[in-house]
**Q** 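Handing you a structure now.
Convention: sequence-line order gives letters A, B, ...; per-chain numbering from 1.
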Amino acid sequence: MAELCYLSIAEAAWLIQRGELSPVDLARAYLERIGRLEPTLHSYITVTPDVALEQAKEAAAKKQGGPLRGIPISYKDLIATAGIRTTAASRVYEHWIPEKDAFVVTRLRERGVVTLGKATLNEFAFSSGSEQEFITPARNPWNLQADTGLSSSGSAVAVAAGLATASIATDSGGSIRMPASYCGVTGLKPTYGRIGRSGVVPLSYSCDHVGVITRSAEDAAILLTALAGRDPSDAASSDVAVPSSVELLSRNPRGLRLGVCPSYMEAAGVETEVAAAFENALEVFRSLGAVVREVEIPHLSYAPAADFTILRIEGFNAHIRNLRDKREKFGPSAFREIAVGGLLSTTDYYRALQARTLIAGELRRAFETTDVLVTPTTPGTGIAGAYARPPRDPKVAKSDVAYLAPFNLTGSPAISIPCGFTKAGMPAGLQLVGRAFDETTIISMAHGYQQATDWHRRRPSL
Amino acid sequence: MPITRRQATCLLLASAGLPLSSGAAPSGESGDAGITELRLPPEVLAQLEHSAQSVFEEARWLEELPLEGLTPGFVFIPH
């Protein structure tokens, strides 16, 4: 049964389409595993066995369909699901049962996807995660004491532990890529505007992205093709043409220019074992025919501060009514983290938006001489390790989001993939960042890497 | 004479017996921040501001950037 729960979307789809695997049997295998492991891992706030089995029966009855027919997934619990409680991990929404699906849920339901349940997050995707009151935090399946990364922790844990084939999540400052890195799975944050956000409890209008957590770049491509496209209820949604999953995987790495930014890595720091995994990954890319070169983005170390200044002010304004009227329902950490945005001024906001212009321009110039920017996903792993050299810049030193938040600020597409393990058994992640709306290059590069390595196929002992 | 939000917060911190911060004021303070919308009790506001020093510092870093003449960036115009 465990083998069924570690099939990729592509593998499961192949078996389902040939009639060798029933969507109902697949859903039952997941529900059995969820029942066994959830008391330890807490990757779901709500499991929906009845919904899952009903949808699996519908998928089975259809006999034909695309690659997502009968595929069981979870949704981060700030994505509205009609008839299924959606809490955002907060008592504020403790009893909210939406009448309407979010745009992304509608897209996937139309394609026959099966809903296993709603994945754990930290409150409103922005509490510190250390003062959980309403929900139990998810546990890292590689080491129950290790950090899971915030905020899409349940999504990453479920995919890593074989409790969902994939999960739909959100990322405003690194919330897909960090947990993907800490849990040893693949996390894609597409270009800002690529996937519609209507029906998603907002945090930051200009930093929020919907994306996917999967076990491979190939699965991320399949889901992106299904999810991308114009959402009429999201004014930031794009109508840029959406490549097919075959196109998303088709770019040959040979000759592609990979940009590394050594000055930024010295500023932010990288733990010794993660740095070694990163260097090994660069060698793999070279062996695939890519060219590695250095690039400079002069003010990148200001990007996390700009991203979080924008995020805090927009987050405050997105939640202002609940902060005022339902303050007692917020956990202390969530209230503090979100309300603090109300102490910042319009001058702070304007300055941060100008910083976005400055840094996005510098990134565009870097992309004139490189095709993909490559970084560690995070300086460390879910268990803190040692640094060979102390990081240079206090603005980003040892920051979990140092390599992540810059690309929420610029809206660039980015994917995190596993690239090795530490001696303590924790996965390390590598991030590929592309030009706006060029998911094809980063997903193709990630896919090429995953065909040449097996880090993404490793499983935790459970 | 009206007092600024910062002055009011200092008074509240003092009256709440909480240690004052290192004197850091919110970057770009212009008295227009939205926190007053929440109508928080004085002690809650004081605690919030007390916990916000790293956030203010983060915003202040942006003052170091060469931003003169730059337009604000709302990422991409998707249409």
Side-chain angles (χ1 to χ4, degrees), chain A residues 191-194 205-207 230 234-240 298-299 301-302 304-306 308-310 312-313 316-317 320-321 323-325 327 335-337 339-361 394-395 408-412 436-437, chain B residues 4-10 12-13 18 20-79:
Chain A
T191 310
Y192 181 77
R194 190 57 120 167
Y205 182 79
S206 72
C207 301
R230 179 99 179 100
D234 177 359
S237 169
S238 163
D239 54 8
V240 171
H299 294 101
S301 62
Y302 290 87
F308 275 85
T309 298
I310 294 168
R312 286 181 191 284
I313 295 172
F316 173 82
N317 284 286
I320 191 165
R321 201 172 60 181
L323 288 167
R324 187 186 61 215
D325 299 340
R327 177 163 59 88
F335 180 79
R336 190 173 58 240
E337 294 293 338
V340 86
L343 293 168
L344 296 166
S345 70
T346 52
T347 306
D348 294 322
Y349 188 59
Y350 195 85
R351 190 177 287 129
L353 292 175
Q354 287 178 302
R356 171 181 272 164
T357 300
L358 176 75
I359 294 163
K395 293 191 292 300
N408 294 86
L409 184 75
T410 62
S412 315
F437 295 105
Chain B
T4 67
R5 178 173 56 79
R6 175 68 187 166
Q7 287 168 328
T9 305
C10 287
L12 288 168
L13 281 166
L18 292 170
L20 286 169
S21 72
S22 57
S27 169
E29 180 172 15
S30 59
D32 58 6
I35 197 70
T36 52
E37 296 278 327
L38 302 190
R39 301 191 287 269
L40 295 173
E43 68 280 8
V44 175
L45 179 61
Q47 284 170 356
L48 188 64
E49 180 135 339
H50 180 63
S51 70
Q53 297 311 311
S54 62
V55 174
F56 297 149
E57 183 181 35
E58 207 167 56
R60 274 200 310 278
W61 283 331
L62 303 179
E63 294 175 20
E64 299 167 6
L65 290 170
L67 301 175
E68 187 71 29
L70 286 178
T71 54
F74 291 98
V75 287
F76 309 104
I77 307 298
H79 304 294

**Q** Hey, does A:Arg312 have a side-chain heavy atom less than 4.5 Å from the side chain of B:Val55?
**A** yes
**Q** Residues in side-chain contact (heavy atoms from CB on, under 4.5 Å) with A:Pro394, at least two apart?
**A** none
**Q** Quick one: do A:Leu358 and B:Leu65 satisfy side-chain contact (heavy atoms from CB on, under 4.5 Å)? Show the steps, please.
**A** CA-CA 9 Å; A:Leu358 176 75; B:Leu65 290 170; 3.9 Å; yes
**Q** Can you tell which part of A:Ala355 gets under 4.5 Å to a heavy atom of chain B, answering side chain, backbone, both or neither?
**A** both
**Q** Can you name the closest pair of heavy atoms from A:Thr357 and B:Gly73 and give their distance?
**A** OG1-N, 2.9 Å
**Q** I need the minimum non-hydrogen distance between B:Leu48 and A:Val340, along with the two atoms involved.
**A** CD1-N, 4.1 Å
**Q** By side-chain contact (heavy atoms from CB on, under 4.5 Å), which residues pair with A:Arg321, not counting sequence neighbours?
**A**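 Residues passing side-chain contact (heavy atoms from CB on, under 4.5 Å) with A:Arg321: A:Arg324, A:Asp325.
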**Q** Checking heavy atoms, do the side chain of A:Tyr349, its backbone, both or neither come under 4.5 Å from chain B?
**A**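 It is the side chain, since no backbone atom gets that close.
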**Q** What option among A:Gly341, A:Pro304, A:Ala306 has the most heavy-atom pairs under 4.5 Å with chain B?
**A**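 Option with the top pair count is A:Ala306.
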**Q** For A:Tyr350 and B:Leu70, which heavy atoms make the closest approach, and how far apart are they?
**A**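 It is OH-O, 4.5 Å.
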**Q** Is there side-chain contact between A:Gln354 and B:Leu62, with at least one heavy-atom pair below 4.5 Å?
**A**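 SC-SC contact between A:Gln354 and B:Leu62 ruled out.
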**Q** Are any of the side-chain heavy atoms of B:Phe56 and A:Asp348 separated by less than 4.5 Å?
**A**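 SC-SC contact between B:Phe56 and A:Asp348 ruled out.
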**Q** At a 4.5 Å cut-off on heavy atoms, which part of B:Ser51 comes close to chain A: side chain, backbone, both, or neither?
**A** side chain
**Q** Return the minimal non-hydrogen interatomic distance between B:Trp61 and A:Tyr302, and the atom names on each side.
**A** O-CE2, 3.3 Å
**Q** What's the separation between atom CD in B:Glu64 and atom NE2 in A:His299, rounded to the nearest 0.5 Å?
**A**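 Nearest 0.5 Å value for the CD-NE2 distance: 9.5 Å.
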**Q** Return the minimal non-hydrogen interatomic distance between A:Ala339 and B:Ile35, and the atom names on each side.
**A** O-CD1, 3.5 Å
